[in-house]
Amino acid sequence: MINITLPDGAVRQYEKGVSPLDVAKSISEGLAKKVLAANINGQVCDASRPINEDASLKLLTWNDADGQMTFWHSSAHLMAEAVESMFPGVKFWVGPALENPKGFYYDMDLGDRKMTEEDLAALEKRMNELAKKNSSYVRKEMSKDEAVKYFSEKGDEYKLDLLSNLNDGEITFYTQGNFTDLCRGPHIPNTSFIKAIKLTSIAGAYWKGNENNKMLTRVYGVTYPTQKELDEHLAMLEEAKKRDHRKLGKELGIFTMDDDVGPGLPLWMPNGTIIIEELEKLAKETELAAGYKRVVTPHIAKESMYLTSGHLPYYADSMFPPMEMDGEKYYLKAMNCPHHHKIFDAEPRSYKDLPYRIAEYGTCYRYEQSGELFGLMRVRCLHMNDAHIYCTKEQFAQEFKAVNDMYLKYFKIFGVEKYVMRLSLHDPAKLGEKYINEPELWLETEELVRSVLIETGVPYVEVKGEGAFYGPKIDVQIWSAIGREFTLATNQVDFAQGRRFKLSFTNQHNQPEVPLIIHRAPLGTHERFIGFLLEHYAGKFPLWLAPVQVKVLPISDKFIDYARAVSDKLKKADIRSEVDDRNEKIGKKIRDTELMRVPYMLVVGEKEMNENKVAVRRQGKGDAGVKTIDEFLTEAVGEIKERSSE
RNA sequence: GCCGUUGUAGCUCAGUGGUAGAGCACUUCCUUGGUAAGGAAGAGGUCAAGGGUUCAAUUCCCUUUAACGGCUCCA
C-alpha cells in the first residue's frame, strides 16, 4: 500500500500502481468524470499514470490552469488528427497550449498545398466528429533508436530535429484515434471532453521562430468543455475589440492615419493633443521635482555622430535612409541619446555637477518594418519621454532607484496594477555582434542593476539576450485591459557610450573620469502610452486627462445663453468645457456626450437658470444632483489638480 | 521583411460583368423637448491605385499600396 496526500492534507491509502483517475473514482464518480490530468509531486501527468510510491496528488480539472493547458494541448492533437485526415502527408512541428490568448496552435508543413480560411470550418467539423469518437489518448514510451527509425522512414525532418535534443527515457508518443505524435504530454483521458471547438485563425510562422527558416502554417484554435463557455469566450473577445485603442482613437478623435502621410505616422487630432499636453505637464512637474533640467535638440544629425555613438552598425536598418546635403549625410534621429551626450560634453563638468540629469520629450523616427506597425503601439514617428542621467559609479544605485520610484509613482497615478520589470541582460554568445564586446563591464553593470532591483523589492524577472547593445536594461512590461502585453517603458544602463563620446568629468582627485549613463523613459512614448491608456480606461479618461472635461447641455435653445455663461465661467478656471448648442432633445445630447466619454455633463434648463445652478451628470454613473456653479467648479478643479482617477 | 485576409459615402457595412445602396454622421426645415437616439427633405462615392481580359470591369486576372490576423523585430 502507498500513501497519497491530497491538497487538503488528507492522506489516503491505495494499492501500488493506482492511477489518479482511480483515486478520483474512489472519492466520487462525479469528480472522476471531470478529471483532465493530475499533478503528482508537483509534476503534471496523465490521469491514468500509475503511482508507485507515496506521493502528493492534486487532481486537475477545468478549474485548474494546468487542467486547461492539458485540455488545449490535447485539442491541438485532435486538430492535428483532423488536419492529417484532410491533408495526408502533412508534417507537424509543435502544438502547444496558450495562456494568452487562450487556446492552442499547431505548426505544420503542408508541402505544396495551402490551407485557407474556408478549410478551417471543414476542419472544425472534422474535429467535432473525431472528438465524438471518444478516443483515448494513449501514452507509449520508445527508445531513441526506435523513434529515429520511425521518423526517418516517415521522412519527417521536424520530428527528427526534436528527437536530436532528447535522450532515451525522455521519449514518449501519444496516440488518439488515427493520430500518433512524439509528445511529452500530458493529455486528457479522451477526446470526448472536447465539446466546443473554434479555429480562430491561420497564419504563417517561421520554423523555430527564425526568419531565415522556412515558414510553416500555423493554425490557432480554442476549445471548451461546453458550448456555453466557448460562446462566453468569444463574446469576451468581441468586448475586447470595443476597447481596442485603434477603434477608440478614431471614435474619440484622438489620432488618425493617412495614406498620404505614410504608414506608422499618426496625426494627433485636437483631442489627442490635449492628452499629450497633459502628460507632458505631468512629466515636466515630476522631472523638475526630481532635479532634471529640460533641453531641446534637433530631429536630425550628421552620420558622424551615429558612427561615434556606435548606433549605425546596429541600427541602420531601422533608421530612415540618410539625406545628403553639402556632401554630408544627415539622419533623422532614432534616439535622443547622442544629442544629449553632446549637451553633456558642451561644457567642462566637475563631479560637483553630477548627477547631471537632462530631459526632453524627444521626437524620434524609426523605420520599423512594415509588418511590425500596429496602431499607436508600433509607429515610425514617436515622442519619447526621454532623459539621460550622467553620474558616478557611487551615485548610480541611488539614481537608478530614484528612476524606479518615479515609475512606481506614475503607475499609481494611472492605476497600473499589473506590471513586471524585466531585467534584460546580454547574451554572451552574441558579444561583438548584438552586444558591445565588453564581457566584464556587462557583468559588472548587470550586477549593479540587479542589486537595485532586489533592494527596492519590485517584482522582476531576468531575461538573457534582451539587453540594449550598450548595456543592460529594465523593460517595464504592462498589460492593457484587453490582455495585450507590451513593453511600456525602459530604463537602461550605458557603460559604452560615455567612452565612445569621450565624455568625462573631473573627479575629486582632479582626474578625468567617464560617467555612467542612465537612459530612462518612464512614460515610454506618447504613442504607446496613449494607446495603452485608451485601452486601460476604455476611453473613459480621468477628468485631468479628458479632452473635453465638461459639456454643458441646454434643455432647449432658450437656455443656450445661460449654458454659455456657465461654460465661460468654467473655462476661466482652466476647465475644458463646451456647450452642446445643437437643436436636439436632451436625451440625444446626453447619449452623444456619454458616447464621447465626457466626464461631466451639466444639464441646464429653466430651474437651473433661475437658481444659478447646474444639474450634474457623471459619465457612466447618471444623475449626480443639482449644485451651484461654484460648488461644481470647486469640486472639479480639485479633482483635476489631484489628478484623481475617479 | 515573411505567410494569410481585406480595401465600396466621414463611420459601420450590403451589393453587382451593363458606371452603386442601407443605417448613423453631415446640411436645411419642422419641432423647444428634463437625463442614452423626435420628424421630414437634401447633399455626399474615379467602388484603394495602376495595368490586363472584355463590346463593356467597382465586379474577373496581374502588379502596387494600405490596413488587419500572425511570425520576425521593438519603445
Side-chain angles (χ1 to χ4, degrees), chain A residues 101 105 107 110 114-118 120 200-220 241 244 246-247 250-251 256-264 315 317-318 334-335 362 364 366-379 382-386 424 466 468 473 475-477 486-492 519-529 531-532 553-560 582-595 601-608 615-624 626:
Chain A
Y105 68 78
D107 280 350
L110 293 163
K114 271 190 183 162
M115 198 185 283
T116 63
E117 304 263 341
E118 286 102 71
L120 292 187
T200 44
S201 70
I202 185 164
Y206 297 111
W207 183 41
K208 293 187 179 182
N210 184 330
E211 63 181 323
N212 298 316
N213 286 346
K214 182 171 181 176
M215 183 154 274
L216 304 176
T217 302
R218 175 174 294 182
V219 180
Y220 286 89
K241 270 190 202 162
D244 191 300
R246 291 165 296 187
K247 183 172 157 64
K250 186 164 204 54
E251 287 169 1
T256 189
M257 300 277 194
D258 188 283
D259 283 357
D260 273 339
V261 177
Y315 262 89
D317 286 349
S318 54
M335 66 294 293
C364 299
R366 295 185 179 178
Y367 193 79
E368 303 290 357
Q369 292 184 56
S370 58
E372 290 161 354
L373 300 174
F374 175 70
L376 287 177
M377 300 304 191
R378 272 304 272 291
V379 293
L382 42 103
H383 298 83
M384 204 187 296
N385 173 224
D386 215 353
S424 302
E466 291 283 340
K473 60 177 178 172
D475 287 321
V476 181
Q477 300 300 114
F486 51 92
T487 304
L488 169 76
T490 172
N491 187 4
Q492 312 173 346
H519 304 238
R520 42 110 282 178
L523 296 177
T525 65
H526 281 319
E527 287 71 19
R528 192 170 278 190
F529 196 64
F532 163 75
L553 311 179
I555 297 275
S556 81
D557 294 3
K558 286 184 241 159
F559 314 107
I560 287 182
R582 295 177 303 165
N583 179 6
E584 294 289 352
K585 287 211 206 170
I586 193 67
K588 171 81 163 163
K589 290 182 183 181
I590 285 172
R591 178 181 155 79
D592 289 347
T593 314
E594 285 277 350
L595 288 175
M601 282 151 268
L602 302 181
V603 178
V604 295
E606 181 105 46
K607 272 186 292 178
E608 290 75 17
V616 181
R617 182 186 164 104
R618 180 82 214 214
Q619 200 276 340
K621 298 209 171 97
D623 201 332
V626 177

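So you know, we letter chains A, B, ... as the sequences are listed, proteins then strands, and number each from 1.
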**Prompt:** Where are the stems of RNA chain B, defined as at least 3 consecutive Watson-Crick or wobble G-U pairs with both distances under 3.5 Å?
**Reply:** B:1-7 with B:65-71, B:10-13 with B:21-24, B:26-30 with B:38-42, B:48-52 with B:60-64
**Message:** What's the gap between G38(B) and U32(B) when it is taken at their P atoms, as a whole Å value?
**Reply:** 15 Å
**Message:** I'd like to know whether OH of Y367(A) has more than 12 heavy-atom contacts from other residues, nucleotides or ligands below 6.0 angstrom.
**Reply:** no
**Prompt:** With a non-hydrogen cut-off below 4.0 angstrom, is L488(A) in contact with a base, only sugar-phosphate, or nothing?
**Reply:** sugar-phosphate
**Prompt:** Say you pick atom P in C68(B) and the same atom in C60(B); how far apart are they, in whole Å?
**Reply:** 24 Å
**Asked** Using the ring of each side chain (for Trp, its six-membered ring), is F486(A) parallel, tilted or perpendicular to F532(A), with breaks at 30° and 60°?
**Response** perpendicular
**Message:** Once you apply a heavy-atom cut-off of 4.0 Å, does D557(A) come out as touching a base, just sugar-phosphate, or nothing?
**Reply:** base
**Request:** Please state the P separation for the pair U59(B) and A20(B) - nearest whole angstrom.
**Result:** 14 Å
**Prompt:** Is there a donor N/O on one and an acceptor N/O on the other, under 3.5 Å, for the side chain of R582(A) and the base of C26(B)?
**Reply:** no
**Request:** Please determine, for the side chain of T490(A), which listed nucleotide (C3(B), A75(B), G4(B)) has the closest atom?
**Result:** A75(B)
**Request:** Check the distance between U72(B)'s C1' and D107(A)'s CG and give it to me in whole angstrom.
**Result:** 13 Å
**Prompt:** When you compare U58(B) with C47(B), how far apart are their C1' atoms, in angstrom units rounded to a whole number?
**Reply:** 4 Å
**Message:** Which nucleotide wins on minimum distance to the side chain of E211(A), given the candidates U72(B), A75(B), A67(B)?
**Reply:** U72(B)
**Asked** Heavy atoms, side chains only, cut-off 4.5 Å: are K473(A) and H519(A) in contact?
**Response** no
**Item:** Minimum-distance nucleotide to R528(A) side chain [options: C2(B), U32(B), C74(B)]
**Value:** C74(B)
**Asked** Under the 3.5 Å rule, do the base of C73(B) and the side chain of R378(A) count as making a donor-acceptor pair?
**Response** yes
**Message:** Tell me the closest heavy-atom pair linking F529(A) and L488(A), and the distance in Å.
**Reply:** CD1-CD1, 3.2 Å
**Fill in**
Quick note, A203(A) side chain, CB onward, closest among G70(B), U32(B), A66(B) is G70(B)
**Request:** Identify whether any heavy atom of K241(A) sits under 4.0 Å from a base atom; if not, whether one sits that close to sugar-phosphate; answer base, sugar-phosphate or nothing.
**Result:** nothing
**Request:** Describe the nucleic acid contact of G605(A) in one word from base, sugar-phosphate, nothing, applying a heavy-atom distance below 4.0 Å.
**Result:** base
**Request:** Could you say whether E606(A) or A205(A) is positioned toward the 5' end of RNA chain B, judged by the nucleotide with the nearest heavy atom to each?
**Result:** E606(A)
**Prompt:** What does M384(A) touch in the nucleic acid at a heavy-atom separation under 4.0 angstrom: a base, only the sugar-phosphate, or nothing?
**Reply:** nothing
**K250(A) side, atom NZ; D244(A) side, atom CG - distance, nearest 0.5 Å** = 12.5 Å
**Complete:** Testing A66(B), U72(B), G70(B) for proximity to the side chain of P263(A), the answer is A66(B)
**Message:** Using OP1 and OP2 only, check whether a side-chain N or O of T487(A) sits under 4.0 Å from A75(B).
**Reply:** no
**Item:** Validation row: P263(A), M257(A) side chains within 4.5 angstrom (heavy atoms)
**Value:** no
**Value rounded to 0.5 Å, distance of CZ in R246(A) from NZ in K241(A)** = 10.5 Å
**Request:** Compare the minimum distances between each of G33(B), C73(B), C74(B) and the side chain of R366(A), then state the nucleotide with the smallest one.
**Result:** C74(B)
**Request:** Identify whether any heavy atom of Y220(A) sits under 4.0 Å from a base atom; if not, whether one sits that close to sugar-phosphate; answer base, sugar-phosphate or nothing.
**Result:** sugar-phosphate
**Message:** Under a 4.0 Å threshold between the charged nitrogen and the carboxylate oxygen, would E606(A) count as salt-bridged to K558(A)?
**Reply:** no
**Message:** With rounding to the closest Å, how many angstrom separate the P atoms on U19(B) and A56(B)?
**Reply:** 15 Å
**Length of the CZ-P vector between F486(A) and U72(B), whole Å** = 18 Å
**Request:** Report yes if a donor N or O on one partner sits less than 3.5 Å from an acceptor N or O on the other, where the partners are the side chain of Y206(A) and the base of G1(B); otherwise report no.
**Result:** yes
What protein N or O atoms touch nucleotides 35-41 of chain B N or O atoms at under 3.5 angstrom, if any, and at what distances?
residue: U35(B); atom: O2'; partner: R617(A); partner atom: NH1; Å: 3.1
residue: U35(B); atom: O2; partner: R617(A); partner atom: NH1; Å: 3.2
residue: A36(B); atom: N7; partner: R617(A); partner atom: NH2; Å: 3.2
residue: A36(B); atom: N6; partner: E594(A); partner atom: OE1; Å: 3.0
residue: A37(B); atom: N7; partner: R591(A); partner atom: NE; Å: 3.4
residue: A37(B); atom: N7; partner: R591(A); partner atom: NH1; Å: 3.4
residue: A37(B); atom: N6; partner: R591(A); partner atom: NH2; Å: 2.5
residue: A37(B); atom: N1; partner: R591(A); partner atom: NH2; Å: 3.1

**Request:** Starting from the C-alpha separation in whole Å, work towards a yes-or-no answer on side chain to side chain contact (heavy atoms under 4.5 Å, CB included) for D592(A) and R582(A).
**Result:** CA-CA 11 Å; D592(A) 289 347; R582(A) 295 177 303 165; 2.9 Å; yes
**Item:** Flag if over 12 foreign heavy atoms under 6.0 Å of NZ, K114(A)
**Value:** no
**Request:** Using the C1' atom on both, measure G44(B) against A25(B) and round to a whole Å.
**Result:** 11 Å
**Complete:** By nearest-heavy-atom nucleotide on RNA chain B, the more 5' of Q369(A) and K607(A) is Q369(A)
**Prompt:** Given the C1' atoms of A57(B) and U5(B), what is the spacing between them in whole Å?
**Reply:** 23 Å
**Prompt:** Which one, A75(B), G33(B), G70(B), comes nearest to the side chain of Y315(A)?
**Reply:** A75(B)
**Prompt:** G52(B) and A67(B): how far apart are their C1' atoms, nearest whole angstrom?
**Reply:** 26 Å
**Prompt:** What distance do R520(A) atom CZ and N491(A) atom CG have between them, rounded to the nearest 0.5 Å?
**Reply:** 8.5 Å
**Asked** When you measure from the side chain of E527(A) to the backbone N and O of M377(A), does any donor-acceptor pair fall under 3.5 Å?
**Response** no
